[in-house]
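For clarity, every value in this text was computed on a predicted model and none was experimentally measured.
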Amino acid sequence: MAAVQPVRRNVPYIQPAKRGDQDIPVRTTDKKSPMKQSAGSKRPSENHTRDVVDDQINHELTKARYRSLDLADLMFGHLVTTRLARDILDRFLADGTVTCEEIKPNEEEETRHALNAAYADAVAHACLRSDAPLDEPTSEPETKYQWSWPKFPTTPISENKLVAFLNNIADDALSCARSILHDGSLQPRNRFAAPVDKNHAIPLSYEPDGEDMRPDFIVLPLAAFSNDEEPEVKDAYVNFTAVLLAGESKSARNAKEGLIQVQRYMRGIKRAQPWLRFATGMTVGKDFVALLRGDCSGLERIELSLTDGRGCIEFIRIILGIVLADKKAFGHSPDIEIEERNVSVDIPEIRSAATPRTGPNFMTSGSTSQSAIPPTFSEYASNPGTPYSTSSDFPRVDQPSATSSAGSKSGTASTGSKRGPDDDMSQGKRSKRRKRTVALRAFVPVRVHGRQCIGILFTSGSIRGRGTTVYVVVGAEDGKTYFALKTSWQDVTRVDDQAAVLKKLSERKPHPNVIIPSKLFDSMAKDGGVDSTLGSIRALLNEEMQQLKVENRILTVTISELWRPVAYFWSPHDFVRGVIGALLGHQYLCEIGILHRDISENNIVLSLCRGGLGALIDFDMAIVGLPNMHQDCPPPPRIPKKEILASLIQPSSPLLENDKPYKAQRTASDCSDYIQLMAYSFLQGTTPYMSIGVLRGESHTHFDDIESFLYVLVLFFLSYRGPLQKEALKRAQVQGFTQPLGAGRLPHVTSWPNMFERWASGSHQEISNCKAGDLNAVSHVTFMQRSYPHIRSRWEPSSPSTAPALADLILDCWMIFSLHDLKVAHNQFIGVLQEWLRQYAGDENNYVYPFDD
């Protein structure tokens with residue numbers, strides 16, 4: 001295929017989308033580090049149900065959705081030029097694949113006018129190229145042509161019929177392209193497919209709750225299909241780590257709903273494949289098609305009418321481009337090497353269903369797939385020492401954190417006993433008791449920026465935002481030591497602040513409780529420029545970026561020591577020592593003039609040595625200021641605790657049953673809460689841990705960070721049902737504490753009670769009022785009375801003495817903040833924690849230390 005000249009964006013046709021957007025400012029003038037409230041930044045203990053996620057995605061993408069009429073050309077124009085798509089449309093007209101009402105049979109002149117009009121319109125809206133001039137000047141024809149695709153499935157659209165239609169169009173378009181270009185070497189790389197299981201989510205979507213994660217159709221690499229005349233989808237590949245594009249089919253009146261659903265699927269792709277630079281989605285209806293691409297600066301989309309000539313040309317470009325594109329066109333980074341691995345997961349049993357065919361494909365023979373399949377990985381899934389193997393100690397797909405899969409076919413191992421009388425096995429129903437184990441072909445990172453990768457430690461998975469992903473990599477020097485390699489897309493307005501923070505830290509003697517990252521390098525695009533969302537991804541020039549009211553983001557890569565995430569604590573005391581260490585680290589930062597501004601559970605790490613203190617990490621939101629020379633506040637008045645604790649601790653009372661999941665009251669269509677956020681919508685920090693003052697838009701001080709430590713402490717003991725089992729913790733240490741593949745939650749994570757879920761859901765004003773109502777000198781007793789049953793239900797099964805001890809700790813901490821009007825110094829908070837460790841040191845003997853120091 002002939003080389004295509006470099007492109008420039010057709011900026012006049014890149015405009016903010018109005019549909020579904022609320023009038024919320026992207027950034028404020030007095031706060032340089034905006035916090036995007038995104039679905040991806042939610043804690044695992046928060047609800048991830050469909051309504052909640054849709055609501056958060058809508059907030060996350062506010063003022064960041066753009067209609068880009070040249071998007072299809074930008075993504076696939078190097079594979080399918082506008083002229084090639086026009087010539088394919090000409091052949092489709094000839095064979096009846098496409099019809100035009102105003103063109104009568106054998107009217108070549110009218111056909112030429114219709115095609116020229118469509119071509120002129122497509123060129124005018126495409127990217128700007130010097131190699132794509134019009135054949136001849138064309139005037140606007142008097143006739144308004146009405147185009148149609150007679151073979152498009154009728155409404156309601158059957159998923160299997162739609163996939164067969166899309167694959168047939170792709171096959172026919174590729175055949176035409178070979179003939180037009182006289183290039184028989186063109187080979188497909190991908191195909192469309194429909195999930196076999198119509199009732200359950202696609203596996204490995206990383207979702208902990210009941211979020212709908214089953215697209216109507218997906219795009220998979222050619223290796224996912226059998227090499228037959230009528231290729232079948234191999235169910236092992238039907239999982240979110242293999243999906244290149246996810247799509248939804250809707251009628252015209254439900255087009256908006258389709259866009260919302262596709263955004264959720266795109267987020268699922270980013271969660272399962274956090275190494276992607278962007279995620280791609282698609283919505284198709286009988287009369288329209290929409291292509292979406294989401295990067296860390298927001299979302300671009302092109303919506304086209306299939307009754308319009310330009311829409312037909314772009315539809316051909318999109319379908320053929322999807323089939324021909326390599327993985328880079330779908331967001332894969334050349335700096336991250338991906339391999340296929342076998343993983344075993346448990347999925348709900350369903351009745352057997354006929355496997356849909358994807359339609360005849362004359363070109364399969366002789367075609368090459370994008371990556372060869374290794375001969376066998378059967379030993380990998382059964383090896384407990386590998387991070388991608390599954391274990392009963394880690395969440396499987398039959399647990400609340402997991403999702404289900406398609407039915408099993410050849411190449412997919414399945415096991416299970418005969419159905420029992422209690423099984424719910426009616427057609428399309430999830431079996432509550434019977435599961436079957438299947439082997440999936442998962443795509444996992446094996447080398448990241450030149451370092452051997454053990455697995456993923458953390459991923460945010462949002463569409464817009466920093467898109468932080470932390471990989472566990474092997475040290476380059478000894479090949480044995482594990483390090484944490486972090487990639488994130490930093491707002492350009494934060495780059496100088498971050499550089500100043502790291503510079504000041506590097507000039508000082510290292511502090512044992514502050515983990516300082518070293519900048520590995522700036523990821524550079526091939527053109528030698530900085531790798532940025534608006535530059536290297538969206539191909540905008542500097543002056544054009546200023547016209548978009550979204551932030552530009554630069555990819556940064558850092559590496560640091562690997563410590564233990566707090567989820568892998570082995571006792572409550574272990575976590576408290578982690579908080580003490582993080583507070584000491586924060587105190588040091590304040591003394592040298594650095595304000596962290598993002599205190600959360602994810603930014604506290606635990607020591608790898610028994611009895612060691614924790615540390616503070618992540619300086620993405622930090623700023624340099626004047627050294628903080630505050631003095632400790634006077635001690636609070638003594639209030640007798642015995643009576644309060646006695647009223648709480650009643651051993652004979654039954655344990656609280658499972659908390660009823662909290663349902664968010666705010667919906668995506670309700671803009672009243674959003675209007676309240678206009679003055680301080682994007683603040684520093686993670687929402688559940690943000691201080692009352694910051695939520696109200698007040699200046700961020702070190703006292704706000706210390707208050708955030710309080711919320712981290714309280715929410716921690718409501719997020720877990722005790723520690724993991726000893727064997728699971730030991731295995732996690734061997735695997736570098738990497739995430740179990742496909743799991744949104746570890747098995748000991750539990751949802752927050754309703755009273756605390758409101759710290760994360762609602763407007764910032766509502767959250768601040770809720771916290772202020774609990775955190776005062778009058779309400780601390782009531783707060784403990786409401787909290788203790790939830791603490792007891794989570795911790796008493798691990799050790800009967802733990803719940804009263806935790807009640808004492810939380811009450812002490814809550815009282816010191818409420819009595820000091822939230823102004824608590826480091827030493828005061830640390831003193832309370834240290835006193836608790838001394839008082840309840842013996843209780844730690846009820847827990848087993850599992851690690852090898």
Side-chain angles (χ1 to χ4, degrees), residues 1-4 72-98 115 118-119 122 126 132 147 149-153 161-194 217-233 244-245 247 280 282 284 289 291 304 306 311-330 356-371:
M1 188 174 293
V4 179
D73 189 21
L74 176 68
M75 292 184 65
F76 304 119
H78 64 292
L79 299 168
V80 185
T81 64
T82 309
R83 180 54 190 260
L84 176 59
R86 181 259 188 208
D87 291 345
I88 294 173
L89 178 59
D90 189 5
R91 297 199 177 191
F92 280 2
L93 275 172
D95 64 19
T97 302
V98 179
L115 286 172
Y119 179 55
W147 303 73
W149 297 74
K151 296 181 182 179
F152 195 97
K161 290 182 179 179
L162 174 62
V163 166
F165 170 77
L166 295 175
N167 280 329
N168 287 336
I169 294 298
D171 293 347
D172 294 345
L174 183 53
S175 177
C176 292
R178 288 170 173 166
S179 174
I180 293 169
L181 299 174
H182 305 289
D183 185 359
S185 65
L186 289 179
Q187 296 292 342
R189 289 187 169 97
N190 318 296
R191 283 185 74 77
F192 292 87
F217 62 89
I218 55 179
V219 174
L220 297 172
L222 203 61
F225 299 86
S226 61
N227 193 12
D228 302 327
E229 288 297 323
E230 296 183 8
E232 296 180 353
V233 181
L244 300 174
L245 175 149
T280 312
M282 190 175 176
V284 178
V289 60
L291 178 69
L304 300 160
L306 296 182
C312 292
I313 288 177
E314 295 294 357
F315 182 60
I316 291 171
R317 191 206 304 269
I318 291 170
I319 300 302
L320 183 55
I322 287 172
V323 170
L324 292 176
D326 59 15
K327 287 193 172 183
K328 184 179 178 182
F330 294 101
R357 303 267 177 175
T358 59
N361 178 19
F362 66 87
M363 62 185 181
T364 306
S365 59
S367 62
T368 57
S369 64
Q370 199 162 343
S371 59

Inset, instruction - For side-chain contact (heavy atoms from CB on, under 4.5 Å), just list the numbers for Phe217 and Val284, CA-CA rounded to whole Å, side-chain angles, deciding distance to a tenth of an Å, and then say yes or no. - result: CA-CA 10 Å; Phe217 62 89; Val284 178; 3.9 Å; yes

Inset, instruction - Please lay out, stage by stage, how Ile218 and Phe192 fare under the test side-chain contact (heavy atoms from CB on, under 4.5 Å). - result: CA-CA 6 Å; Ile218 55 179; Phe192 292 87; over 6 Å; no

Inset, instruction - For salt bridge (charged side-chain N to carboxylate O under 4.0 Å, His left out), just list the numbers for Arg91 and Asp95, CA-CA rounded to whole Å, side-chain angles, deciding distance to a tenth of an Å, and then say yes or no. - result: CA-CA 6 Å; Arg91 297 199 177 191; Asp95 64 19; over 6 Å; no

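For Asp172 (side chain) and Ser175 (main-chain N/O), no donor-acceptor pair under 3.5 Å exists by modelled atom type. Using modelled atom types, one side-chain atom of Asn190 and one backbone atom of Ile322 make a donor-acceptor pair closer than 3.5 Å. For Thr280 (side chain) and Leu245 (main-chain N/O), no donor-acceptor pair under 3.5 Å exists by modelled atom type.
In terms of heavy-atom proximity, Glu314 sits nearest to Ala72 at OE1-CB, 3.5 Å. The shortest heavy-atom contact between Ala325 and Leu79 is CA-CD1, 3.5 Å. Of all heavy-atom pairs spanning Val323 and Ala170, the tightest one is CG2-CB, 3.4 Å. Taking every heavy atom of both residues into account, Arg317 and Phe76 meet most closely at O-CB, 4.1 Å. For the residue pair Val98 and Pro150, the shortest heavy atom distance occurs at CA-CD, 4.3 Å.
Here CG of Leu291 is found 7.0 Å from CE of Met282. Values are rounded to the nearest 0.5 Å. Rounded to the nearest 0.5 angstrom, Leu306 CG and Trp147 CH2 are separated by 12.0 Å. Atom OH in Tyr119 sits 8.0 Å away from atom CG in Asp87 (nearest 0.5 Å). Atom CD1 in Ile313 sits 7.0 Å away from atom CG in Leu115 (nearest 0.5 Å). Here Asp171 contributes atom CG and Ile319 contributes atom CD1; the two are 11.5 Å apart, rounded to the nearest 0.5 Å. We find the CG-CG distance between Leu244 and Leu220 to be 6.5 Å, quoted to the nearest 0.5 Å.
No side-chain heavy atom of Arg86 sits less than 4.5 Å from a side-chain heavy atom of Thr81. Between Pro231 and Arg191, the closest side-chain pair of non-hydrogen atoms falls below 4.5 Å. Under the 4.5 Å side-chain criterion, counting only non-hydrogen atoms from C-beta, Lys151 is not in contact with Asn168. Counting heavy atoms from C-beta on, the side chains of Phe92 and Cys312 never come closer than 4.5 Å. Residues Ile318 and Leu304 meet the side-chain proximity criterion, which asks for heavy atoms closer than 4.5 Å. Residues Arg178 and Leu186 are in side-chain contact: their nearest non-hydrogen atoms beyond the backbone lie under 4.5 Å apart. Side-chain contact check for Phe152 versus Leu162: some heavy-atom pair is nearer than 4.5 Å.
Ring geometry for Phe315 against Phe165 counts as parallel: the plane angle stays under 30°, on a 0 to 90° scale with 60° as the upper cut.
Applying the side chain to side chain contact (heavy atoms under 4.5 Å, CB included) test between Ile316 and each of Thr97, Leu84, Ile88 identifies Ile88 as the sole match.
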